[in-house]
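In this chain, residues are counted from 1 in sequence order. Everything quoted here is computed from the prediction, not taken from an experiment. The analysis underlying the following values was restricted to heavy atoms, covering all of them including side chains, and did not include hydrogens, waters or symmetry mates.
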Amino acid sequence: MSDTDAPSTSNAASPHTPVKKNPCGKFVGSRQKQMILNLYKRKIDEQPSITVKEVMKLLSRDTGIGQNTIQRTIAEYKNAKPIKSPNKKKIRLTFKEKVDDFERNAIRKKVHDFWFSRQVPTLDKILISVNSDPTLNTYKRTNLYYLLRELNFTYCKRGRNSALIERDDIVLWRTKYIQDIRKYRQEGRSIYYLDETWANIGDCMEKIWVDKTVKSHRDAFLSGFSTGAPNPTGKGKRLIIVHIGSEEGFVNGGLLTESWPEQKGEVYEKPLNKVGLMNIVNRIKPQFNKYVIDEYVKSKNMVVLRLPPYHCELNAIELAWSSVKRYIKMNNSTFKLPDVKKLVIEGINECGPEKWKNFVSHVIDEEKRFWDIDFVVEEVMDNLGDCVMTITGDTSYSDSDD
């Protein structure tokens, strides 16, 4: 055989590589959707008699995109909907938003515990103390630093020692509050505690007893057993609760349960995401800068005392709310808003004068603890030497703790 008769490998056709499939769950953008529609129109023009099912299969094979996505894209096109990419932005809570008031107060107490022990609370010491507590979340050093800043602690250096202390304005606010409330108690005036909280319709106990022998509804039916408590599908709607109470218990007629925008007369389309809801709140909030309570008490010889930020342990109603929420979690089985409202009322009725006296007594002990801690901080810091500087900017984090 001559050289000219030999097959040419350079002209041989290379095998086709398979179409790369779009990963399951990956967003299909507007360009991909436009490509699907272009191929769909071409198939229909070339084969007018082709069935829709066959078109879906062909387009899925040629593009690597799932048939369900192709079907939805074509349906949107037929319904004259605009072609657009899906919303890829997900609303994620920051670590600060995930920390509730009770956890913030627990962290504040950790700092104060160092002062009571006559130790200087540095960031590293607080980090070890917080992360070793199983009842608290675990924090990174940077996150804990910014959280302490939000709790109005400042990073102060004295001599060769560094410490976290509360801002002077917060200490002054707290001192004035404790002085005033002690004076009103000595005068025999009634002290009422007011605050709001919320309850999610999906609130329930995190751990319950479960019969592991029941594997299905059929097993439960044949054995005459139940299938256990139903699980909520999520937190669900949130019910805002406002009430007022004293040593005598909750005040009759003081309960208010509302959805905030509806309470302000705002009508909006439901459901609404968090971004949309906050837009409504920011728009109508300036209309309600005055507090109804302030206007009312002026004519009733009453005084409103406001707590410093993140000092809810000085408000007895917080302990009452904890009791009410526990009652809701223990008895919530339907996860429906009307039933949760009933549980709120029942939980409030469970908090009688006896419990409230204990709540107020605990708050008085907390007031004494805060009063004492301010003197302890001054004593320890004075023993460390003269103040060199107080750092309040972000650069303080880079300084090491001696």
Does one side chain, of [X] or [Y], offer a donor that lies under 3.5 Å from an acceptor on the other?
| X | Y | value |
| --- | --- | --- |
| Y310 | E150 | yes |
| R149 | Y145 | yes |
| N331 | E346 | no |
| Q34 | N38 | yes |
| T138 | N131 | no |

Pairwise distance OH(Y184) to CE(M302) - rounded to 0.5 angstrom: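 One finds 13.0 Å between OH of Y184 and CE of M302.
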For the CD atom of E313 and the CG atom of D365, what is their distance to the nearest 0.5 Å? 13.0 Å
Check against side chain to side chain donor-acceptor pair (under 3.5 Å), D133 and T135: CA-CA 5 Å; D133 191 334; T135 63; 2.6 Å; yes
Check: [X] side chain, [Y] main-chain N or O, donor-acceptor pair, under 3.5 Å:
| X | Y | result |
| --- | --- | --- |
| E103 | L136 | no |
| T63 | L59 | yes |
| T175 | V171 | yes |
| N200 | G202 | no |
| K355 | A320 | no |

Using a strict cut-off of less than 4.0 Å between a Lys/Arg side-chain nitrogen and an Asp/Glu carboxylate oxygen, indicate whether [X] and [Y] qualify as a salt bridge.
| X | Y | result |
| --- | --- | --- |
| E46 | K43 | no |
| E367 | R174 | no |
| D100 | R104 | no |
| R108 | E166 | yes |

Mind checking whether Y327 and W321 have ring centres under 6.0 Å apart?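 Between W321 and Y327, which both carry aromatic rings, the centre distance is not below 6.0 Å.
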F370 and H112: aromatic ring centres closer than 6.0 Å?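 Yes, ring centres under 6.0 Å apart.
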Has W198 got more than 12 heavy atoms of other residues, nucleotides or ligands less than 6.0 Å from its CH2? no
Within 6.0 Å of CD in Q179, more than 12 heavy atoms from elsewhere: yes
